[in-house]
Number of protein chains: 2
Amino acid sequence: MTFPATLSGRGPKYLQIADQLRAEIQSGELSPGSRLPAETDLAGRFHVSPPTVRQALAVLRSEWLIESRHGVGTFVRENRKRQRRSRNRYGRARTDKRLLNDALEHRIVFAGRGPVPPHIAEAMGVEPGSEVVIRRRHLHDKATGQLREIGASYVPLSHAAGTYLEDATVVPKALFLCVEELSGKIYHRAQDTTVIRAAERDEPGLFNLAGGEAILHLVHTARAADDEVLEISESIWPADEVVFIDEYDIPKHGENPTSRSEI
Amino acid sequence: MTFPATLSGRGPKYLQIADQLRAEIQSGELSPGSRLPAETDLAGRFHVSPPTVRQALAVLRSEWLIESRHGVGTFVRENRKRQRRSRNRYGRARTDKRLLNDALEHRIVFAGRGPVPPHIAEAMGVEPGSEVVIRRRHLHDKATGQLREIGASYVPLSHAAGTYLEDATVVPKALFLCVEELSGKIYHRAQDTTVIRAAERDEPGLFNLAGGEAILHLVHTARAADDEVLEISESIWPADEVVFIDEYDIPKHGENPTSRSEI
DNA sequence: TAGTGGTCTAGACCACCGC
DNA sequence: CGGTGGTCTAGACCACTAG
């Protein structure tokens, strides 16, 4: 029998049940994608009331181990293939002339003028609500159609107003190369700010999350040599789908570091 | 009256209650650190049963907005002061000869030989369980005493065996300078791997978390010019306490990028 | 229609904390 | 001690999905 009907008696029942099920998941007895027994079945096997089972499942849900589909069942979460991102997006793009991940489909969901949101205005050094050119994108997994990333780019009117950046067509090359062309200025220095926060508003629905899940939110500010902001872009992922891998040279003794440390 | 007794009737009651309370928190009516009314009080005011109130509070807890203390009450979470980390820890350390954050107290909780854990062995390219010199550290907030970061460094025996790195005394300068001295090799290139995962094992207790919270886990691998691993270190934070701020130069056209992109 | 998970009730008793 | 949140029960009814 897969699920012992006995609880050892140490600690709360719902935690013991969660421990049992977690062990079965991690041992592979319950494999990714497989369905758990119905809540009423689990209640019977563990000799507890249904709400207690639900409490145990809530624990596993908060650990990102299972997900429930209303009217269908509760399933062991698939190990979603993790994306790999570098914080330095310019290195290869400058030579490859492309920035896009081949496994993702790039959909521009909005392009045009709009008010700059507060957290971007701050980084841009302008009044919140000022008009800028905004390009919003959704990146979908080509295989499954699942939304994997939400992004937006904000370019000052001075460089983007009236240009093709206001058209919702996919830019044929990396956005920063377009901005360099249009502005006549060169991207010189960047700042990336990364935070992890709880999912809010429509994000759980968009990403098909249980709710209350962690979101990774990156704001990227690119400046010209004279410190003028050329572009701010932000990217939003379900935090558990992302791995950052960064490789970089370590400054030698006496060498001027290319990154200012913020520690 | 702070808490209206009426629910608009749209959607589940527990979500409406959560929305009400969230609005009060975000408007500042319920300020950080202040106590919410007791669950039974809330049940009375909203005319629902106590379990329904608990469900609403569970939502806010998963959004990291409140925390409950058994026997005391439920409180609006303080905005914990966020740490700022740069991926490039070497820039300033090479000139300042220090790596430590002044607001944090560095406690070495273990130093000596031990088996290398699996996720480190992989990055190090050795058998899991091989012996290495391990230095484990806890970083506490000097003001509050709260644990803010767990870290560990792993140095191959070939460079650290029998040296002062096996003593649990705080190293007077940055660890990498010690390893450079002891090994006679220079840190040349680094890789940082960052993931966000659910808290596991004893982490909720150590960090005083509600459970199921997001953890940020960074593994840093430093290599010499000949690709030999000189040191691997890992850092673990409650994800909501960390902001990464990275500044870096953007490679010019035709310039060899210092970071290899992983996109 | 049958079976699933989602919402909600009205209690009970326990464990913890501060006074 | 009184008040708090934590655990648990034994139901009821609804909403969703699949066949």
Side-chain angles (χ1 to χ4, degrees), chain A residues 3 5-21 30 33-62 65-77 204-205 208-213, chain B residues 3 5-21 30 33-62 65-77 204-205 208-213:
Chain A
F3 299 97
T6 54
L7 294 174
S8 53
R10 294 174 276 94
K13 291 183 185 177
Y14 76 95
L15 284 182
Q16 294 180 48
I17 296 168
D19 288 345
Q20 277 280 352
L21 296 175
L30 286 168
S34 67
R35 219 200 75 178
L36 274 67
E39 297 181 353
T40 48
D41 290 356
L42 289 174
R45 301 199 204 195
F46 287 114
H47 301 109
V48 297
S49 70
T52 302
V53 167
R54 287 188 63 74
Q55 205 174 352
L57 295 181
V59 170
L60 299 179
R61 215 174 285 120
S62 81
L65 290 173
I66 62 172
E67 58 190 342
S68 298
R69 295 202 279 275
H70 193 173
V72 184
T74 300
F75 299 82
V76 180
R77 260 178 93 154
N208 204 12
L209 303 175
E213 307 220 24
Chain B
F3 298 97
T6 55
L7 295 174
S8 53
R10 295 173 275 93
K13 291 183 184 177
Y14 77 95
L15 285 181
Q16 294 180 47
I17 297 169
D19 288 345
Q20 278 279 352
L21 296 175
L30 286 168
S34 67
R35 220 199 73 178
L36 273 67
E39 296 180 355
T40 47
D41 290 355
L42 289 173
R45 299 199 207 198
F46 288 113
H47 301 109
V48 296
S49 69
T52 303
V53 167
R54 287 188 62 76
Q55 206 174 352
L57 296 181
V59 171
L60 300 178
R61 215 173 284 121
S62 81
L65 289 174
I66 61 171
E67 58 191 341
S68 298
R69 293 202 280 274
H70 193 173
V72 184
T74 300
F75 299 82
V76 180
R77 262 177 92 152
N208 205 12
L209 303 176
E213 308 222 22

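Quantities reported herein were computed from a predicted structural model and do not represent experimental measurements. Convention: sequence-line order gives letters A, B, ...; per-chain numbering from 1.
The shortest distance between the side-chain N/O atoms of A:Tyr14 and the OP1/OP2 oxygens of D:dC8 is not below 4.0 Å. Put simply, B:Thr52 has a side-chain N or O that comes within less than 4.0 Å of OP1 or OP2 on C:dT9. Of the side-chain N and O atoms in A:Ser68, none sit less than 4.0 angstrom from OP1 or OP2 of C:dG5.
Side-chain proximity of A:His70 to the nucleotides D:dT17, D:dT9, D:dC16 is greatest for D:dC16. Each of D:dT7, D:dT17, C:dG5 was ranked by its minimum atom distance to the side chain of A:Glu39; first place goes to C:dG5. Comparing D:dT9, D:dT17, D:dG5 by their closest approach to the side chain of B:Thr74 singles out D:dG5. For B:Pro12, counting side-chain heavy atoms from C-beta on, the closest listed nucleotide (C:dT7, D:dT17, D:dC8) is C:dT7. Picking from D:dG6, C:dG5, D:dA10 the nucleotide with the shortest atom distance to the side chain of A:Ser49 gives D:dA10.
For the pair A:Asp41 CG and C:dG5 C1', the interatomic distance rounds to 13 Å; values are reported in whole Å. The CZ-P distance, from A:Arg69 to C:dG3, rounds to 20 Å in whole Å. Atom pair B:Ile17:CD1 and C:dT7:P shows a separation of 12 Å (rounding to whole Å applied). Atom CD of B:Gln16 is separated from atom P of C:dG6 by 19 Å (rounded to the nearest Å). Counting to the nearest Å, the P atom of C:dT4 and the CG atom of A:Leu57 are 13 Å from each other. Between the CZ atom of A:Arg54 and the C1' atom of D:dC14 there is a distance of 13 Å, rounded to whole Å. As a whole-Å value, the separation of A:Arg35 CZ from D:dT17 P is 15 Å. The separation between B:Leu15 atom CG and C:dC8 atom P is 8 Å, rounded to whole Å.
The two residues B:Phe75 and B:Gly33 make their nearest non-hydrogen contact at CD2-O, 3.4 Å.
Comparing A:Gly73 and A:Pro51 by the nucleotide of DNA chain C whose heavy atom lies nearest to each, the residue mapping closer to the 5' end is A:Gly73. Comparing B:Pro50 and B:Gln55 by the nucleotide of DNA chain C whose heavy atom lies nearest to each, the residue mapping closer to the 5' end is B:Gln55.
Base pairing of D:dG19: no nucleotide in any strand meets the Watson-Crick or G-U wobble criterion (both distances under 3.5 Å).
Between A:Lys13 and A:Phe46, the closest side-chain pair of non-hydrogen atoms is not below 4.5 Å. Using a 4.5 Å heavy-atom cutoff, the side chains of B:Leu57 and B:Leu36 are in contact.
Applying the side-chain contact (heavy atoms from CB on, under 4.5 Å) test between B:Ile17 and each of B:Val48, B:Val59, B:Leu42 identifies B:Val48 as the sole match.
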I'd like to know whether B:Leu60 forms a side chain to side chain contact (heavy atoms under 4.5 Å, CB included) with B:Leu21, so could you lay out the CA-CA distance, the side-chain angles of the two residues, the decisive distance to 0.1 Å, and finally the verdict. CA-CA 8 Å; B:Leu60 300 178; B:Leu21 296 175; 3.6 Å; yes
